[in-house]
Each structure stands twice: as C-alpha cells, then as structure tokens.
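Please read all numbers here as calculations on a predicted model, not as lab measurements. Naming: A, B, ... by sequence-line order, numbering from 1 per chain.
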Amino acid sequence: GQNIDQPTEMTATEGAIVQINCTYQTSGFNGLFWYQQHAGEAPTFLSYNVLDGLEEKGRFSSFLSRSKGYSYLLLKELQMKDSASYLCAVSPNAGNNRKLIWGLGTSLAVNP
Amino acid sequence: DVKVTQSSRYLVKRTGEKVFLECVQDMDHENMFWYRQDPGLGLRLIYFSYDVKMKEKGDIPEGYSVSREKKERFSLILESASTNQTSMYLCASSPPGDGYTFGSGTRLTVV
C-alpha cells in the first residue's frame, strides 16, 4: 500500500525553531510537497523536493532523503501566524496526472 | 497568480437534493481535482480529470459524479445529497509536473 506518516500535533513557542517530520512508503517517487493550511482555509503550497538535500526559502526549509523515505519541514523564528496544519504529500508517478498521496497533516500550535 | 475559484463558500442543502459544485481555473491547467476534507480523515480524492471530457475515479467516488466540458471548468455533482456528504469540498488544479493550486473551498452542510 501507499502510506504517509506525520505527527498529529505539535506545540512550539514564538521565536523558536520547529521541525515537522514526514515518512512515506509509496509505489514510486516523483517528488514531495509541503502545504500549509490555516483553519477553515484551503492548503497553500510551501515547498517541493525531488532531489536529496535541503531547500531553503526564507524562514522555511524542507529536507528530503529518498533512500530513507523521509522529509522534514523546518520553520525558524516562529510567529503566531505559523499556527496551522502542515500537510506532506508525495507524487508517486511521473507523467501528467500528478495524483498526490496525502498525509493527514500536523497541527502546529505556536504559543506566545 | 493562478486563481482557482469555487462558486460558493458555504452551502446548505436538503437530503435528496441534487447539488452542483462549480470550480473554474484561469491558467489553462490540464489537471483538475475534487477532494473532500474531514477531521481526522485528511484530504480524500473524489474524482480527477487531466483533459476535457476525461475523468477518473479517485478513492471515494460513490455518490458523486463530475463534468468537464471545458478545460477551465470542473464540476462536482452530488446526485442525491445525504447527510454523510456534509464536508469541506476542495477543488485544485495543476499543470503537468507541478504542484496544486487550491480553491478556497466550499463548506457543504446537508440537512
């Protein structure tokens, strides 16, 4: 089967750093996505990794290890507005259809 | 910026009604998707389409149908709404080889 695991909930303090992990077992691999979703809103794209290593984009970074089936999203200098659900998704297929496999999301609460 | 527009933000319908949820994207994307999202169950794919008049079942197609007569529009139809179809419905589109852009969602309540 195809499976993505991520922690259900995390809590962190404003100004701190938090790492959200994601492990996957899929039939193939053609890239991993991270999305942010605030309560009652649609998911918005954060990052995409297809090769091993770290991709940095401002306060957010995403890491991928294909051999380990593992990724993490690193959030630095946490702000209250970072309180949201973070979704990990994998594309198992090359080609046009890009049907993603989704994790259930990690709900992050940032406290003052 | 790519825009994906869903026709209604909130909708209340009666059991047995036929319900149409509309989604329009303005960036000529080939792929379009309909998901529902429920607490504890995450995003579940209902149907998707990667060309006009083409559709494929996702993981939970029962009780739903779709229509894609034009590239920019992908409609989700609940043939006979039931209370277990109360949910947040999310439409998304993507070009080949890229991530999704989601619409703002429709929160449907069936009473």
Provide the closest heavy-atom pair for [X] versus [Y] in the form atom of the first, atom of the second, distance.
X	Y	result
A:Ala42	B:Ser104	CB-CA, 4.1 Å
A:Leu104	B:Gly40	CD1-O, 3.8 Å
B:Phe48	A:Lys99	CE2-CD, 3.4 Å

Non-hydrogen side-chain atoms of B:Phe102 and A:Phe45 separated by less than 4.5 Å: no
Test item: A:Gln37 and B:Gln37 side chains (from C-beta on) under 4.5 Å apart, heavy atoms: yes
Under 4.5 Å between side-chain heavy atoms, hopping through other hydrophobics if needed: is there a path connecting [X] to [Y]?
X	Y	answer
A:Ile4	A:Tyr72	no
A:Ile101	A:Phe33	no
B:Leu90	A:Tyr35	yes
A:Tyr48	A:Phe63	no
B:Ile46	A:Trp102	no

CD (A:Glu77) with more than 12 external heavy atoms under 6.0 Å: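 Count not over threshold, so no.
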Verdict with reasoning, A:Leu87 to B:Leu43, per side-chain contact (heavy atoms from CB on, under 4.5 Å): CA-CA 10 Å; A:Leu87 305 173; B:Leu43 284 165; 4.0 Å; yes
Under 4.5 Å from any heavy atom of chain A - which part of B:Arg44: neither
Under 3.5 Å donor-acceptor, B:Tyr100 side chain and A:Leu100 backbone: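 Checking the backbone N and O of A:Leu100 against the side chain of B:Tyr100, a donor-acceptor pair under 3.5 Å is found.
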